[in-house]
Amino acid sequence: MQLDRSCLLDLLPQILRRSLVTGLELARASLTPRLAEASASQSLPSQRRRYGLATVSIAIAAAAWAGPISVAELQYRPSTDPDEEYIELINTDASPYNLGGCRFTAGVTYTFGSSVLGPGERIVVCRDRAKFAARYGNIPNLAPSSYSGRLADEGETVTLVAADGSVLFEAAYRPDGAWPSRANGLGSSLEVVDPNGNLADPVNWRSSTEYLGSPGRAGVGPLRRVVVNEVLAHTDPPLEDAIELKNLTSQPIDVGGWYISNTRSKPTKYRIPSPTVVPAGGYRVLYEYQFNPFSPTGGDSPFTFNSANGDEAVLMAADANGTPQYWMDVVSFGPSENGVSFGRWPDGTGPLVTLSDLSLGTSVRRFDSPFRLGEFRTGTGQSNGLPKVGPLVFTRIQYRPALGGDEFVEVANATAFPVPSFDPMYPENTWRLRDAIDFDFPRDVILEPGERVLIVPLAPDVFRAKYSIPATTRVWGPYTNQLSNSGERLALFKPDPPQLPPHPDAGLVPYILVEEINYLPTPPWPVAANGNGPALRRIDPSRYGNDPSNWGTDADTTSVPGLSMAWNGGELLLRWTAEATTTLLVESATAPTGPWAEAVAVASGQGEWAVKPDGLARFYRLRRR
């Protein structure tokens with residue numbers, strides 16, 4: 001169903017009567033971009049969003065109700081004292097504005113006396129002036145009295161109206177979902193990115209970089225100077241927990257006096273000794289013997305990372321007195337395998353991924369002698385390598401089939417070795433899909449090298465019959481939930497061994513994230529998969545999967561046919577779907593990340609090639625000439 005533009009214009013006079021915006025042409029001019037902005041919001045009720053009704057009402061309201069005064073910052077859940085709440089307003093207009101008679105009608109209760117706010121100026125109104133001053137000092141632009149009521153921890157709408165009752169702004173915030181989480185009682189305020197933007201869109205809000213907020217002044221925004229670049233959380237000698245820092249600037253930075261921690265709720269657990277210099281563009285590693293000593297000093301709180309449940313790594317900048325100033329970086333991660341680290345990819349700037357190898361600056365690895373722990377601690381960091389891939393990977397995602405079709409995902413063994421669908425030591429614990437769809441792999445199944453399996457939302461025999469799937473191809477299902485047409489996270493997990501006594505989480509089975517795909521129906525993801533029939537098809541299973549450049553579609557002639565393997569006596573047969581007019585290259589490598597070398601060029605029409613094992617582990621892929 002689609003609403004006629006004439007229908008929208010019929011609604012405008014009702015809205016304009018409540019608005020500071022005058023003139024139908026202004027409303028028309030702002031209508032289209034506001035509709036586009038609101039339609040992408042996840043906060044709209046799905047049953048109304050489907051028909052565009054909620055989009056229309058919210059979009060026009062955002063366009064019509066915008067006044068010269070907007071909200072700039074909300075401290076709705078202070079981490080220190082609940083009475084230290086505050087609201088900061090800003091004049092976004094080019095002219096002064098008298099706040100006299102303006103009042104909050106939702107969220108809190110407060111009426112402003114005569115007070116002129118100049119262009120770009122801010123004013124702060126708080127819940128308790130005495131406690132506010134004790135925390136933040138005497139700021140010159142603090143309102144002369146306090147508001148009554150409280151900002152709801154669970155989220156609400158804050159409304160400010162002008163003296164004549166017209167709405168100046170409505171700001172709807174939440175503590176969950178896509179909303180910035182650190183503002184929810186973890187030491188940040190909630191800052192607006194664009195005061196003239198959509199105040200109900202979580203994308204238009206951020207957690208303050210300043211510790212406890214920045215009342216009365218503009219926030220500095222994200223500071224990208226030093227970041228947490230790598231975290232090792234699951235260790236036994238000769239390894240121990242470690243945090244690698246990277247300096248993104250062209251000047252050395254002394255992080256001495258700053259803090260690291262494993263939780264935002266207490267970001268000051270370990271104060272880094274002075275001086276601790278991170279070279280320009282370089283690295284510095286902090287080790288467990290430093291932040292988890294037998295005899296902690298001062299106010300330090302020893303810690304290690306929780307590898308069974310996942311954890312956080314926090315870097316907090318502080319002044320010379322040790323007072324926290326800026327949230328320099330915070331990263332979160334899930335459960336991890338022993339000896340496997342998380343790191344930013346691309347190095348220093350990308351999100352945290354599971355790395356294919358440690359990059360902390362030494363050659364010491366998990367299975368080396370425990371006596372190499374001292375050598376491990378000498379590492380000063382280095383550039384992160386490639387993300388870890390496999391052993392099982394997503395190779396096809398049919399998230400929006402053509403009319404009458406069905407969703408499915410395809411998972412493949414991307415290695416040269418058999419991979420069980422379960423933990424061999426605890427076979428009741430199997431691999432699983434979560435987030436977009438839920439499915440637990442069957443027990444006692446071994447996926448052979450190159451083997452692919454279809455995971456479907458129907459009974460497997462029904463799906464097999466409907467699409468004439470060969471008996472040699474495994475079909476599993478049905479999964480629950482469904483793949484979102486608007487894109488979402490599809491995640492593959494494998495079980496780690498259960499935690500054993502006396503571990504406090506004894507009995508817990510950690511599930512390790514093997515791969516996640518955050519697909520979208522829009523560029524740079526292939527748009528042909530968005531309801532036109534073809535599925536997303538991975539171009540190279542050995543390459544990192546959460547990268548749109550590694551995905552084509554079933555209809556994309558530039559994609560490479562899927563590669564499978566089968567044993568034939570003493571030979572390994574590489575097989576693919578033959579193409580009549582294309583010459584393909586078979587390439588080999590001794591590691592899934594390369595380097596790759598040409599093994600053979602196969603002629604058009606050829607669909608297999610025999611490999612004689614030479615005793616070395618090898619990986620193979622197809623590439624077009």
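Note that these values count all heavy atoms, side chains included, but never hydrogens, waters or copies made by symmetry. Quick caveat, the model's predicted, so the values are computed rather than measured.
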Are the side chain of [X] and the backbone of [Y] linked by a donor-acceptor contact shorter than 3.5 Å?
{"X": "Q290", "Y": "L286", "value": "no"}
{"X": "N546", "Y": "N518", "value": "yes"}
{"X": "N429", "Y": "D423", "value": "no"}
{"X": "W551", "Y": "G545", "value": "yes"}
{"X": "N141", "Y": "R122", "value": "yes"}
{"X": "T92", "Y": "N196", "value": "no"}
{"X": "Y76", "Y": "E156", "value": "no"}
{"X": "N204", "Y": "N198", "value": "yes"}
{"X": "S188", "Y": "S208", "value": "yes"}
{"X": "N413", "Y": "L392", "value": "no"}

Listing request: all side chain to side chain donor-acceptor pair (under 3.5 Å) pairs with a residue in residues 216-226, at least two apart in sequence or in separate chains. none
Which heavy-atom pair separates [X] from [Y] by the least distance, and what is that distance?
{"X": "V277", "Y": "P252", "result": "CG1-CB, 3.9 Å"}
{"X": "L74", "Y": "W205", "result": "CD1-CH2, 3.9 Å"}
{"X": "V285", "Y": "A242", "result": "CG1-CB, 4.1 Å"}
{"X": "A233", "Y": "F305", "result": "CB-CB, 3.6 Å"}
{"X": "S274", "Y": "G256", "result": "OG-C, 3.2 Å"}

Measuring only between side-chain heavy atoms, which start at C-beta, is [X] closer than 4.5 Å to [Y]?
{"X": "L315", "Y": "Y259", "answer": "no"}
{"X": "F333", "Y": "L513", "answer": "no"}
{"X": "E88", "Y": "S189", "answer": "no"}
{"X": "V411", "Y": "T395", "answer": "no"}
{"X": "L245", "Y": "Y283", "answer": "no"}
{"X": "E73", "Y": "S214", "answer": "yes"}
{"X": "R206", "Y": "P222", "answer": "yes"}
{"X": "D505", "Y": "N306", "answer": "yes"}

Please determine, by modelled atom types, if [X] and [Y] share a side-chain donor-acceptor pair under 3.5 angstrom.
{"X": "T263", "Y": "S261", "value": "no"}
{"X": "S301", "Y": "K266", "value": "yes"}
{"X": "N338", "Y": "D236", "value": "yes"}
{"X": "N91", "Y": "E121", "value": "no"}

Could you measure the distance from the [atom1] atom of [X] to the [atom2] atom of [Y]? Nearest 0.5 Å is fine.
{"X": "W179", "Y": "S207", "atom1": "CH2", "atom2": "OG", "result": "11.0 Å"}
{"X": "S341", "Y": "L355", "atom1": "OG", "atom2": "CG", "result": "4.0 Å"}
{"X": "I253", "Y": "L248", "atom1": "CD1", "atom2": "CG", "result": "8.0 Å"}
{"X": "S332", "Y": "E312", "atom1": "OG", "atom2": "CD", "result": "4.0 Å"}
{"X": "C126", "Y": "I87", "atom1": "SG", "atom2": "CD1", "result": "10.0 Å"}
{"X": "D347", "Y": "S383", "atom1": "CG", "atom2": "OG", "result": "3.5 Å"}

Check K388 with E337, please: is the shortest side-chain N to carboxylate O separation under 4.0 Å? yes
Do NZ/NE/NH1/NH2 and the carboxylate oxygens of D83 and R150 come within less than 4.0 Å? yes
Assess the residue pair L386 and Y544 against the criterion (side chain to side chain contact (heavy atoms under 4.5 Å, CB included)); give the C-alpha distance rounded to whole Å, side-chain angles, the decisive distance to 0.1 Å, and a yes or no. CA-CA 8 Å; L386 293 173; Y544 180 56; over 6 Å; no
Could you tell me which residues satisfy side-chain hydrogen bond (donor to acceptor under 3.5 Å, both in side chains) with [X], sequence neighbours excluded, listed by chain and number?
{"X": "E288", "value": "N292"}
{"X": "S181", "value": "R264"}
{"X": "N138", "value": "none"}

What pairs with Y399 under ring-ring contact (aromatic ring centres under 6.0 Å, His included), at least two apart in sequence or on another chain? Y519
Give the C-alpha distance, both sets of side-chain angles, the deciding distance and a yes or no for side chain to side chain contact (heavy atoms under 4.5 Å, CB included) between W431 and L492. CA-CA 8 Å; W431 288 56; L492 174 65; 3.8 Å; yes
Take R344 and D329 through the salt bridge (Lys or Arg N to Asp or Glu O under 4.0 Å) test and state the conclusion after the steps. CA-CA 12 Å; R344 290 186 179 274; D329 198 15; 2.8 Å; yes
Test N384 against S359 for side chain to side chain contact (heavy atoms under 4.5 Å, CB included), laying out the working first. CA-CA 6 Å; N384 290 337; S359 54; 2.7 Å; yes
Test S363 against R372 for side chain to side chain donor-acceptor pair (under 3.5 Å), laying out the working first. CA-CA 10 Å; S363 63; R372 296 188 69 185; 3.1 Å; yes
Geometric cation-pi criterion, R432 with Y511: 6.0 Å, 45°: yes
Run the ring-centre check on [X] versus [Y] and record whether the distance is less than 6.0 Å.
{"X": "Y326", "Y": "Y211", "result": "no"}
{"X": "Y136", "Y": "Y86", "result": "yes"}
{"X": "F303", "Y": "Y270", "result": "no"}

Test ring-ring contact (aromatic ring centres under 6.0 Å, His included) applied to F294 and Y289, step by step: CA-CA 8 Å; F294 289 112; Y289 81 90; over 10 Å; no
Side chain to side chain donor-acceptor pair (under 3.5 Å) for S542 and D540? Distances and angles first, verdict last. CA-CA 5 Å; S542 68; D540 185 349; 2.6 Å; yes
Run the salt bridge (Lys or Arg N to Asp or Glu O under 4.0 Å) check on R377 and E240 step by step: do they pass? CA-CA 8 Å; R377 291 171 174 170; E240 67 180 7; 2.9 Å; yes
Sole residue of R538, R489, R434 in salt bridge (charged side-chain N to carboxylate O under 4.0 Å, His left out) with E515: R538
Those residues that, when tested against D241, pass salt bridge (Lys or Arg N to Asp or Glu O under 4.0 Å) (two or more places apart): none
